[in-house]
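Below, chain A is the first sequence line, B the second, and so on; all start at residue 1.
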There are 2 protein chains.
Amino acid sequence: MTTIRILLVDDHLVVRTGLKALLGTQEDLDVVAEAGSGEEALSAVAASSPDVVIMDLAMGPGMDGIAAIKALRADNPRQPILVFTTYDSDADIVRSVDAGAMGYLLKDAAPEEIFAAVRGAVAGRSHMSAPVASRLFAQLRNPEAVLTPREAELLTLLTQGLSNRELGRSLFISEATVKTHLAHIYAKLGVETRAAAIATAIRREGMR
Amino acid sequence: MTTIRILLVDDHLVVRTGLKALLGTQEDLDVVAEAGSGEEALSAVAASSPDVVIMDLAMGPGMDGIAAIKALRADNPRQPILVFTTYDSDADIVRSVDAGAMGYLLKDAAPEEIFAAVRGAVAGRSHMSAPVASRLFAQLRNPEAVLTPREAELLTLLTQGLSNRELGRSLFISEATVKTHLAHIYAKLGVETRAAAIATAIRREGMR
DNA sequence: CTCCGCCTCAGCCATTTGGCTGATACGGCC
DNA sequence: GGCCGTATCAGCCAAATGGCTGAGGCGGAG
């Protein structure tokens, strides 16, 4: 049995240490490199060409996890990448899978689940924690609730606290159009006011 | 030199493992118990009476970190407690100190800082990570920007997406009063609209 | 006791937002 | 070619929001 060589990417030393300790209990798993940022991750992959990359999404200033995944995939499209993060926001999940992640683990996952996901990733199998999977299924069940690109763009600005006038100016569209988009967004999010939309978006969609 | 007996409280096994590994490198520090929830923390303290409790604030369902601190302090007012968390939100900092925490560490703190904080806590010294301290100082510099209890209460409901009418009903006050409070809140947060207030509150004050 | 901060409420008015209906245009799909 | 989803815009009207001034009660600090 060949050992699986792993790169850990997380901006918290404590998390890296803990993960390394847990993975170290398995004979076939070996952490060969660590990175504290997206930039470091890129050079670490180039230097040690790991079998699997385990990456946190939230990573302080600079390149975030999604961007790092994309960059890694651009260099090597077959590099298996596992997302390992605290939150299961719809937006993060979709963007991660979109960026090319092989799996999506939550930080409260049981060690066995993590081990299985790592081994599976090398074998080409993808894995998601149960709460993550159920969220994805929920999205698939009512695709009409998925925001269009333009709506998502508008929602992002909305959560910055912009008024309709400002939204129009920022996106080079009229206020009328802004109102149309907003009405659609409200319907899809299941809310009736801008305030609730912002609250929902920041909490549920992970727009921070 | 007597060894310092530590209780770790964090709902993530990975974090507990990492922290234990880091603390284990120090001869005088010994993790004698772990807890994955506030409830577990209470019985763990009763069972092993640690010298220091290191506690995460965010802890899944059930009792949160703040409540756990209060409960611990109620049982034993001299129990040193260190908060160890990811975010440095104003609200969390103030509430932690208020609840009786001896220190406030961020999860990206250097190991040496964590060790020093633990040893200091036992000796009766309090410690806060630099970003945390600067936030507290900022609050002290302009006390007029601190929300009154009633305003904070209103802001919490505001971030749930309630309308003025609903806010009034929830707090048993007239809409006129709601508007007065809101005007004060906007001024203190440095925003001009409800939307911006919600965005600011959720992101900066940590109202999730 | 007096002053001040906090909480409460009222009225007025300008602006913003939300709900509605309807319309044009473009691109992909069958 | 026709249909559908997306994006764009208009006009109208009701409701919600924000800015302003003013004011009463109440409790703590000086």
side-chain contact (heavy atoms from CB on, under 4.5 Å) partner of Phe84(A), chosen from Val118(A), Asp56(A), Leu106(A), Leu105(A): Leu105(A)

Check: Gln79(B) main-chain N/O paired with Arg73(B) side-chain donor or acceptor under 3.5 Å: yes

Nearest to side-chain heavy atoms of Thr148(B), which nucleotide of dC6(C), dT16(C), dC9(C): dC6(C)

Integer-rounded Å distance: dG5(D) P and Lys188(A) NZ: 11 Å

Closest nucleotide among dT17(D), dA7(D), dT16(C) to the Asn164(B) side chain: dT17(D)

5'-most by nearest nucleotide on DNA chain C - Thr193(B) or Arg150(B): Arg150(B)

Step-by-step salt bridge (charged side-chain N to carboxylate O under 4.0 Å, His left out) determination, Glu166(B) to Arg169(B): CA-CA 5 Å; Glu166(B) 294 169 319; Arg169(B) 277 204 230 286; over 6 Å; no

Distance, rounded to the nearest Å, where Leu167(A) contributes CG and dG18(C) contributes C1': 14 Å

Rounded interatomic separation in angstrom, taking CG from Leu171(A) and C1' from dT6(D): 15 Å

Residue Arg194(A), side-chain atoms from C-beta onward, closest of dA10(C), dT17(C), dG18(D): dT17(C)

Integer-rounded Å distance: dG18(D) P and Arg165(A) CZ: 15 Å

Spacing of Leu162(B) atom CG relative to dT17(D) atom P, expressed in whole Å: 10 Å

Identified side-chain contact (heavy atoms from CB on, under 4.5 Å) partner of Leu154(B) from the options Thr177(B), Thr159(B), Leu167(B), Leu147(B): Leu167(B)

Whole angstrom value for the distance that separates P of dC6(C) from CD of Glu151(B): 7 Å

Any donor-acceptor N or O pair under 3.5 Å, side chains His127(A), Glu113(A): yes

Salt bridge Asp51(A)-Arg119(A), side-chain N to carboxylate O under 4.0 Å: no

Donor-acceptor contact below 3.5 Å, side chain Ser129(A) vs main chain Val132(A): no

Nucleotide dG5(D), atom C1' - distance to CD1 of Ile185(A) in whole Å: 16 Å

Value in whole Å for how far the C1' atom of dT17(D) lies from CD of Glu166(B): 14 Å

Neighbours of DNA chain D within residues 175-184 of chain B, by heavy-atom distance under 4.0 Å: Lys179(B)

